[in-house]
Amino acid sequence: MRILTRMQKPCAIFALSLLLLVAPLNGQAEASSIDSAAITSTATSLKGIKYVYGGTSKAGFDCSGYVQYVFKQHGVNLSRSSSGQYATGTKVANSDLVVGDLVFFNTTGKGVSHVGIYIGDGKFAHASTSRGVRVDKLNDPAYWGKRYVGAKRITGVVDVASK
């Protein structure tokens with residue numbers, strides 16, 4: 001009987017360890033899949049809200065506060081700064097952009113300093129210092145096209161239109 005007890009303990013520890021490792025992943029695919037069209041809908045519904053430096057609410061947004069707010073409405077927590085958001089996700093080529101990808105710009109000459117949400121058709125939604133939340137052309141040769149740095153895809157955001 002004593003031998004059986006010695007073998008049961010390591011087996012029980014292994015089984016519990018495996019359970020603790022796998023349990024958080026159970027159902028994650030459904031929970032973490034966010035329709036990119038829903039992200040776009042939320043992003044564009046905020047058009048016209050004024051720009052407020054450091055703003056993170058409907059009272060006023062800065063660019064990263066706006067992106068953070070939109071994604072938080074869909075259960076995705078992002079970093080507070082544009083550079084922090086740029087450090088998140090998977091790099092995406094400009095030619096492979098899908099709705100819901102984050103697009104980044106250098107507007108200060110010092111690396112990533114602005115972020116928006118790609119909404120399709122070559123356009124992105126963002127919080128502009130001069131006009132608040134708005135939609136602009138990503139490749140606008142007069143301004144945004146010259147300052148484009150790159151894009152990131154956030155894990156869990158699914159482009160349902162391409163399925």
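Side-chain atoms are counted along with the backbone in the values below, which use heavy atoms only and exclude waters and symmetry mates.
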Handout entry: Shortest non-hydrogen separation from Phe104 to Lys152 and the atoms involved
Key = CE1-CG, 3.8 Å

Practice task
Tell me, with the steps shown, if Lys123 and Asp136 meet side-chain contact (heavy atoms from CB on, under 4.5 Å).
Solution key: CA-CA 6 Å; Lys123 296 177 182 175; Asp136 280 312; over 6 Å; no

Practice task
Determine, step by step, whether Phe124 and Asp101 satisfy the side-chain contact (heavy atoms from CB on, under 4.5 Å) criterion, reporting the C-alpha distance in whole Å, the side-chain angles of both residues, the deciding distance to 0.1 Å, and the verdict.
Solution key: CA-CA 9 Å; Phe124 72 105; Asp101 286 343; over 6 Å; no

Handout entry: Side-chain touch Ile117/Phe71, heavy atoms, less than 4.5 angstrom
Key = yes

Practice task
Flag the pair Tyr69 / Phe61 as yes when their ring centroid distance falls below 6.0 Å, and as no otherwise.
Solution key: yes

Problem - Residue pair Ser113 / Cys63: nearest heavy atoms and the distance that separates them - result: O-SG, 4.1 Å

Practice task
Sequence neighbours left out, what passes side-chain contact (heavy atoms from CB on, under 4.5 Å) with Asn139? Give chain and number order.
Solution key: Asn94

Problem - Step-by-step side-chain contact (heavy atoms from CB on, under 4.5 Å) determination, Leu78 to Lys72 - result: CA-CA 8 Å; Leu78 293 176; Lys72 190 171 188 175; over 6 Å; no

Practice task
Evaluate side-chain contact (heavy atoms from CB on, under 4.5 Å) for Leu102 paired with Tyr86, printing each intermediate quantity in order.
Solution key: CA-CA 8 Å; Leu102 300 185; Tyr86 187 66; over 6 Å; no

Completion exercise
For residues 75-85, the side chain to side chain donor-acceptor pair (under 3.5 Å) pairs (sequence neighbours left out) are Asp62-Arg80, Ser64-Arg80, Ser81-Ser83

Exercise for the section: Applying side-chain contact (heavy atoms from CB on, under 4.5 Å), name anything that partners Ser95, two or more places apart in sequence or on another chain. Expected result: Ala93

Handout entry: Nearest atoms (heavy-atom pairs only) where His126 meets Trp144
Key = CE1-CZ2, 3.2 Å

Fill in the blank from the handout: Exactly one of Leu138, Val115, Val67, Val92 clears side-chain contact (heavy atoms from CB on, under 4.5 Å) with Val103, and that residue is Leu138

Handout entry: Shortest non-hydrogen contact between Tyr66 and Ala43, atoms and distance
Key = OH-O, 2.7 Å

Handout entry: Shortest non-hydrogen separation from Tyr148 to Leu97 and the atoms involved
Key = OH-CD1, 4.2 Å

